[in-house]
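First the structure, in the form of structure tokens, and then the observations on it.
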Amino acid sequence: MSKKVKVRFAPSPTGDLHVGNIRTALFDWAYARHTGGTFLFRIEDTDTTRVTDEYIAAAIDTLKWLGLHLDEGPEVGGENCPYLQSQRLDIYAMWAQKFLDQKDAYHCYCSAEELEATRERQRAANVAPGYDGTCRDLSADQIAAHKDNGRIPVIRMRMPDGGTTFVDQIRGEVSFDHKFVPDFVLVRGDGSPLYTLAVAVDDVLMKVTHVLRGEDLLSSTPRQIRVYQAMGVAEADYPLFAHLPFVMGQDNAKLSKRNGEVSIAWYRDKGFLPEAICNYLALLGWSPGDDRENVSMKEICELFTVEKVHSSPARFDMKKLEAINGDKIRALTIDEFLTWSLPFLTKEKVITGTDAEIALVKKALPLIQERIIMLSEIPQMLKFLFVTKFEVEADSVSKITDDASKSVLKRALKELEPITQWSHDSIEGALRSSLIEDMGLKPRIAFGAVRIAITGSTISPPLFESMELLGKDASLARISQALAL
RNA sequence: GGCCCCGUCGUCUAGCGGCCUAGGACUCUGGCUUCUCAAGUCAGCUACGAGGGUUCGAAUCCCUUCGGGGCUACCA
């Protein structure tokens, strides 16, 4: 029987979760769900000066918002607690000691300056840079001398001669000659562990079966495998590796703050739906294999396999994300759309949240559902229905103060006044017969003027429906007000 | 510099030796529709980095080359 799949997402807390992180998390999650395995979240804080609780809370909140539910990790718990590497220091120390005892590792007393000098020399001589093995086989006397000099050692892993070959699930067989994989540091002079030690130990102890991570870690894999060997793990029990290609920015460099918005929080504020973000990100470096592009979270789980992941990097394209977000918004039911909309409307103080307001919003939403690409556009589009002190946009004022516009508005006012059944049909009928047929105006001219008077803008939801929702009194008042400009 | 990874339209991709005069989506351009803006719809633009092989036949296999990226830390 094959082992139950366990996939881990293990970011180092260097900032808010960003697009690149999330793409990795999404693939990790999707693979876990696809295989019926578990999705584990671990924090790699061996370097950072302590993770804050806020960071962890924010990260978990982001994952939850995206719909990437965790099976194991900080806050949710699990059988492999704790999930912060900073809380597992004694475990790493124990293994480091074991490696020392087994002679797989050794104390290295070289100073930073000496190492730097070695590298300089290697660079000058044009040979592979890396630790030269000075402290590999120190005698007791040499060690004593170093101690007398007050030198503090690091613990270094001994890389045996030969090489490491492993099968990357995305790239195929990858080989590294150990000539180019020097002895590496496991534990710093101050006793703290390095990433290479901590990941390997944790992945084994937490029974991770698949390591899906960024391509930048590809060349650290031989070191990780070396630790497995030292731990006595059988080769058949090594996790399988799959190195995901990068997500690049417009400038063909790894996506960063410089080349676009990368913080997931930014997308959330802008009104991107989590489904849209996941759908788009899923398409970066992966595809279902056919021409299908609009996929739900459920479909991503069903269809996702590592084999279909690309080996080449993908560029992040905001336009495509926007297009997908628009599609997802249009696919929402009105109640779902309403739920998503309300926070944006209250945040912009367009509404306070009364039942009457919400009822009106719900009626207006169908008018704008296919006109927006981000939820943050909603307040601007519906504002005219709620403002108490109405004002025409500065740029549009001059478009309705000319004589032609004034006569349109006057006529509109006159035709609208007698309407008793205030509906978009009756409004349209009255306006068409008078402004278009009688006055012989082009619809875009005639209705354009009314639109500005009613909504204050040249861009708005459909005019007659908007007037119906605004109500007769308010509509007539606005036209009168426009006439007075 | 060394090691490793990568290379199909502007972008994301389909393609796994004949279905490819290379398909889809986004973007862009033009048309239709139209009360604005959208949405919808139709059409168009544009790609196998280059050069050698292998083969009856190559985007698909091999080699070289060029280009891009990563790593080369007591970062992850």
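Sequence lines set the chain letters: A, B, ... in the order given, protein chains first and strands last, and positions in each chain run from 1. Excluded from the calculations below are hydrogen atoms, water molecules and symmetry mates; all remaining heavy atoms, backbone and side chain alike, are included. Predicted, not measured: the structure shown is a model, and the values here were computed from it.
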Closest-nucleotide mapping onto RNA chain B: is Asp317(A) or Pro193(A) further toward the 5' terminus? I mean the 5' end. Asp317(A)

So, under a plain 3.5 Å distance rule, would you say the side chain of Arg123(A) forms a donor-acceptor pair with the base of U72(B)? no

Given side chains that start at C-beta, do those of Pro245(A) and Val309(A) come closer than 4.5 Å, heavy atoms only? yes

Distance check, P atoms only: C62(B) and A22(B), in whole angstrom units. 25 Å

Whole-Å P distance, C12(B) and G7(B): 12 Å

Should the pair Tyr31(A) and Phe304(A) be assigned to parallel (<30°), tilted (30 to 60°) or perpendicular (>60°) ring geometry? perpendicular

Using a 4.0 Å heavy-atom cut-off, does Pro313(A) contact any base of the nucleic acid, only the sugar-phosphate backbone, or nothing at all? sugar-phosphate

Quote, to the nearest angstrom, the P distance that separates U33(B) from U60(B). 46 Å

Under 6.0 Å between ring centres, would you say that holds for Trp286(A) and Phe27(A)? no

Does G15(B) have OP1 or OP2 under 4.0 Å away from a side-chain N or O of Lys308(A)? yes

Does Arg432(A) make a side-chain N or O approach to OP1 or OP2 of C35(B) shorter than 4.0 Å? yes

By the 4.0 Å heavy-atom rule, please label Gly448(A) as base, sugar-phosphate, or nothing. nothing

Could you check how far CG of Leu435(A) sits from P of U36(B), rounded to whole Å? 15 Å

Would you please indicate yes or no on a ring centroid separation below 6.0 angstrom for Tyr280(A) and Phe272(A)? no

When you measure from every atom of RNA chain B, which of residues 274-293 of chain A have a heavy atom less than 4.0 Å away? Leu283(A), Leu284(A), Gly285(A), Ser287(A), Gly289(A), Asp291(A), Glu293(A)

Taking for each residue the nucleotide of RNA chain B with the nearest heavy atom, is it Ala112(A) or Met381(A) whose nucleotide lies nearer the 5' end? Met381(A)

Rounding to an integer number of Å, can you tell me how far Lys319(A) NZ sits from U13(B) C1'? 20 Å

When rounded to the nearest Å, what value does the distance between P atoms of A25(B) and U64(B) take? 39 Å

Apply side chain to side chain donor-acceptor pair (under 3.5 Å) to the pair Arg171(A) and His243(A), showing each step before the final yes or no. CA-CA 8 Å; Arg171(A) 286 150 218 278; His243(A) 289 91; 5.5 Å; no

Looking across every strand, which nucleic acid part, if any, lies under 4.0 Å from Val154(A) by heavy atom: base, sugar-phosphate, or nothing? base

Answer with base, sugar-phosphate or nothing: what part of the nucleic acid does Pro245(A) contact at a heavy-atom distance below 4.0 Å? nothing

Presence of donor-acceptor pair under 3.5 Å, side chain of Arg451(A) and base of C35(B): yes

Winner on side-chain proximity to Val174(A), out of G40(B), C4(B), A73(B), is C4(B)

So Ile436(A), base contact, sugar-phosphate only, or nothing? Heavy-atom distance under 4.0 Å. nothing

Side-chain contact check for Leu463(A): nearest option of U27(B), C35(B), C74(B) is C35(B)

For Phe447(A) together with Phe464(A), are the ring centres under 6.0 Å from each other? yes

Looking only at the side chain of Arg156(A) (C-beta and beyond, no hydrogens), which of the listed nucleotides C74(B), C35(B), G70(B) gets closest? C74(B)

Would you kindly check if the NZ (Lys) or CZ (Arg) of Arg478(A) is within the cone defined by 45 degrees around the ring axis of Phe390(A) and under 6.0 Å from the six-membered ring centre? yes

Hunt down the Watson-Crick or G-U wobble partner of U29(B), both distances under 3.5 Å, from any strand shown, or write none. A43(B)

Measure from CZ on Arg213(A) to C1' on C5(B) and round the result to the nearest Å. 14 Å

Classify Ser192(A) by what it touches in the nucleic acid, base, sugar-phosphate, or nothing, heavy-atom distance under 4.0 Å. nothing

Both distances under 3.5 Å, Watson-Crick or G-U wobble: report the partner of U60(B), or none. none

Axial cation check for Tyr131(A) ring with Arg156(A), 6.0 Å and 45° limits: yes

Should the ring pair His107(A) and Tyr109(A) be called parallel, tilted or perpendicular, given that the plane angle runs from 0 to 90° and is split at 30 and 60? tilted

note: Lys179(A), atom NZ; C4(B), atom C1'; distance rounded to Å ~ 15 Å

For G30(B) versus G68(B), give the span between their P atoms, rounded off to a whole number of Å. 35 Å

Value in whole Å for how far the C1' atom of G70(B) lies from CG of Leu218(A): 8 Å

Looking only at atom P, what distance separates C32(B) and G15(B), rounded to whole Å? 38 Å

Gap between atoms CG and P, on Asp216(A) and G69(B) respectively (whole Å): 15 Å

Thr458(A) near the nucleic acid: base, sugar-phosphate alone, or nothing, with a heavy-atom cut-off under 4.0 Å? base

Just N and O in the side chain of Ser219(A): are any of them under 4.0 Å from OP1 or OP2 of U72(B)? no

Between Ile459(A) (CD1) and A39(B) (P), how many Å, whole number? 13 Å

Counting only Watson-Crick or G-U wobble pairs whose two distances fall under 3.5 Å, which nucleotide matches U54(B)? none

Quick check for you: among C35(B), G70(B), C6(B), whose closest atom lies nearest to any side-chain atom of Pro443(A)? C35(B)

For atom P, what is the distance between A14(B) and G23(B), given to the nearest Å? 15 Å

Tell which nucleotide pairs with G7(B), taking only Watson-Crick or G-U wobble pairs whose two distances are both under 3.5 angstrom. C66(B)

Given A76(B), G70(B), C35(B), identify the nucleotide with an atom nearest to the side chain of Leu217(A). A76(B)

Distance, nearest 0.5 Å, that separates CG of Leu197(A) from CZ of Arg226(A): 12.0 Å

Could you give the CD1-to-P distance, from Ile445(A) to U36(B), as a whole number of Å? 10 Å

Hey, is the side chain of Arg371(A) poking within less than 4.0 Å of OP1 or OP2 on C37(B), counting only N and O atoms? no

As an exercise, state the distance from OH of Tyr106(A) to SG of Cys135(A), rounded to the nearest 0.5 Å. 7.0 Å

So Glu465(A), base contact, sugar-phosphate only, or nothing? Heavy-atom distance under 4.0 Å. base

Expressed in whole Å, how much space separates the C1' atoms belonging to C28(B) and U36(B)? 23 Å

To the nearest 0.5 Å, what is the distance between CG on Leu435(A) and OG on Ser407(A)? 9.0 Å

Give Pro462(A) one of three labels, base, sugar-phosphate or nothing, depending on what nucleic acid heavy atoms sit under 4.0 Å from its own. base

If you look at every strand shown and take non-hydrogen atoms under 4.0 Å, does His243(A) touch a base, only sugar-phosphate, or nothing? nothing

Indicate, with a heavy-atom threshold strictly under 4.0 Å, whether Arg223(A) touches base, sugar-phosphate, or nothing. base

Glu370(A) has its side chain closest, among A39(B), C75(B), G70(B), to A39(B)

